[in-house]
Visitor: 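Submitted below is the structure of interest, expressed as structure tokens.
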Amino acid sequence: QVQVVESGGGLVQAGGSLRLSCAVSGRTFSTYGMGWFRQAPGKEREFVAAISPNGGSTDYADSVKGRFTISREHAKNTGFLQMNSLKPEDTAVYYCSAATGFKLYRNYYSNWDAYDYWGQGTQVTVSS
């Protein structure tokens with residue numbers, strides 16, 4: 001069974017940085033596309049970023065483009081979300097997800113139900 005475990009959340013001041021990690025169990029990590037989503041209180045879960053199985057393609061929500069960077073390291077079965085220039089509106093629970101049969105079009109990977117495996121979430125709080 002595939003397990004997804006996020007870490008790295010916390011409290012940071014506006015303008016600061018955090019790096020989230022996402023460890024994925026199993027021997028087929030390189031075949032999964034990965035996505036990061038977030039959910040703020042009272043709001044729907046929203047797409048943040050996605051990366052293709054080989055890491056060659058990435059995409060971001062407009063709200064984080066230029067500030068966040070998604071990456072992956074196959075040797076460690078781990079994905080990352082580097083978050084810079086954080087804003088109070090970035091405050092949310094951040095979820096990592098993995099998808100089998102990943103497809104390279106935005107309507108697919110920006111939709112949460114494209115993903116098969118989810119982590120428990122990690123809280124990110126940005127103070128003003």
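Predicted, not measured: the structure shown is a model, and the values here were computed from it. Residue numbers start at 1 and run along the sequence shown.
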Visitor: Could you check whether Arg72 makes a cation-pi contact with Phe80, meaning its NZ or CZ is under 6.0 Å from the centre of the six-membered ring and within 45° of the ring axis?
Guide: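 Verdict for Phe80: no cation-pi partner in Arg72.
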Visitor: Check this for me: does any side-chain nitrogen of one of Lys87 and Asp90 sit under 4.0 Å from a carboxylate oxygen of the other?
Guide: no
Visitor: Measure across Phe47 and Asp59 and return the closest heavy-atom pair with its distance rounded to 0.1 Å.
Guide: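 Closest heavy-atom pair between Phe47 and Asp59: CZ-O, 3.9 Å.
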Visitor: Apply side chain to side chain contact (heavy atoms under 4.5 Å, CB included) to residues Thr78 and Phe29 and explain how you reach the verdict.
Guide: CA-CA 8 Å; Thr78 301; Phe29 177 75; 5.5 Å; no
Visitor: Hey, does Ser7 have a side-chain heavy atom less than 4.5 Å from the side chain of Arg19?
Guide: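 No, too far: nothing below the 4.5 Å cut-off.
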Visitor: Within a reach of under 6.0 Å around NZ of Lys76, are more than 12 heavy atoms found that belong to other residues, nucleotides or ligands?
Guide: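 No, because the 6.0 Å sphere around NZ of Lys76 holds 12 heavy atoms or fewer from other groups.
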Visitor: Name the orientation class of the two ring planes belonging to Trp118 and Tyr115 (parallel below 30°, tilted from 30 to 60°, perpendicular beyond 60°).
Guide: perpendicular
Visitor: Within the distance-only criterion (no hydrogens, no angle test), does the side chain of His74 pair as donor or acceptor with the backbone N or O of Asn54 below 3.5 angstrom?
Guide: no
Visitor: Tell me whether Glu73 contacts the main-chain N or O of Asn77 through its side chain, where contact means a donor paired with an acceptor under 3.5 Å.
Guide: no
Visitor: Please report the shortest heavy-atom distance between Pro88 and Ala14, naming the atom on each side.
Guide: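 Heavy-atom minimum between the residues: CD-CB, 4.1 Å.
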Visitor: Look only at the side chain of Ser25 and the backbone of Gln3, and say whether a donor-acceptor pair between them is shorter than 3.5 Å.
Guide: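 Checking the backbone N and O of Gln3 against the side chain of Ser25, a donor-acceptor pair under 3.5 Å is found.
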Visitor: Test the Arg67-Tyr60 pair against the cation-pi criterion, namely NZ or CZ under 6.0 angstrom from the six-membered ring centroid and within 45° of the ring axis.
Guide: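 No, cation not above the ring by the 6.0 Å, 45° rule.
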Visitor: Indicate if Val48 and Val5 have the same hydrophobic cluster label, given that clusters are the connected sets of ILVMFWY residues with side-chain heavy-atom separations under 4.5 angstrom.
Guide: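 They do not share one cluster, since no chain of ILVMFWY contacts under 4.5 Å joins Val48 to Val5.
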Visitor: So, for Phe102 and Ala50, which heavy atoms are closest and what is the spacing to 0.1 Å?
Guide: CZ-CB, 4.3 Å
Visitor: Let me confirm one number: the CE-OG distance from Met34 to Ser97, rounded to the nearest 0.5 Å.
Guide: 7.5 Å
Visitor: Describe, in one word, how the ring planes of Phe68 and Tyr94 are oriented to each other, choosing from parallel (under 30°), tilted (30 to 60°) and perpendicular (over 60°).
Guide: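 Tilted.
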Visitor: Would you say the side chain of Tyr117 lies within less than 4.5 Å of the side chain of Val24, judging by non-hydrogen atoms?
Guide: no
Visitor: Test side-chain hydrogen bond (donor to acceptor under 3.5 Å, both in side chains) on Glu89 and Thr91; report intermediate values, then the result.
Guide: CA-CA 5 Å; Glu89 51 264 44; Thr91 295; over 6 Å; no
Visitor: Mind running side chain to side chain contact (heavy atoms under 4.5 Å, CB included) on Arg45 and Arg38 for me, showing each step along the way?
Guide: CA-CA 5 Å; Arg45 190 172 299 192; Arg38 66 186 183 186; over 6 Å; no
Visitor: Could you grab the distance from atom CH2 of Trp36 to atom OG1 of Thr122, nearest 0.5 Å is fine?
Guide: 7.5 Å
Visitor: How close do Ala92 and Ala40 get, heavy atom to heavy atom, and via which atoms?
Guide: CB-N, 3.8 Å
Visitor: When rounded to the nearest 0.5 angstrom, what distance separates CG in Leu20 from CD in Gln82?
Guide: 8.5 Å
Visitor: Membership question, hydrophobic clusters at under 4.5 Å side-chain separation (ILVMFWY): are Tyr109 and Val64 in the same one?
Guide: no
Visitor: Has Glu6 got a side-chain atom pairing as donor or acceptor with Gly121's backbone, closer than 3.5 angstrom?
Guide: yes
Visitor: Closest approach of Asp113 and Asn111, non-hydrogen atoms and distance?
Guide: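 Of all heavy-atom pairs spanning Asp113 and Asn111, the closest is OD1-OD1, 2.9 Å.
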Visitor: Is there a side chain to side chain contact (heavy atoms under 4.5 Å, CB included) between Leu86 and Leu18? Walk through the geometry before answering.
Guide: CA-CA 8 Å; Leu86 282 162; Leu18 282 175; 4.2 Å; yes
Visitor: Can you measure from CD1 (Ile70) to OG1 (Thr58) and round to the nearest 0.5 angstrom?
Guide: 7.5 Å
Visitor: Are the side chain of Ser52 and the backbone N or O of Ser57 linked by a donor-acceptor pair below 3.5 Å?
Guide: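 Checking the backbone N and O of Ser57 against the side chain of Ser52, a donor-acceptor pair under 3.5 Å is found.
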Visitor: State yes or no: do Val93 and Trp112 share one hydrophobic cluster built from I, L, V, M, F, W and Y residues joined by side-chain heavy-atom distances below 4.5 Å, directly or via other members?
Guide: yes
Visitor: Is the distance between the ring centroids of Phe37 and Tyr95 under 6.0 Å?
Guide: no
Visitor: Other residues, nucleotides and ligands only: do more than 12 of their heavy atoms fall within 6.0 Å of NZ on Lys43?
Guide: no
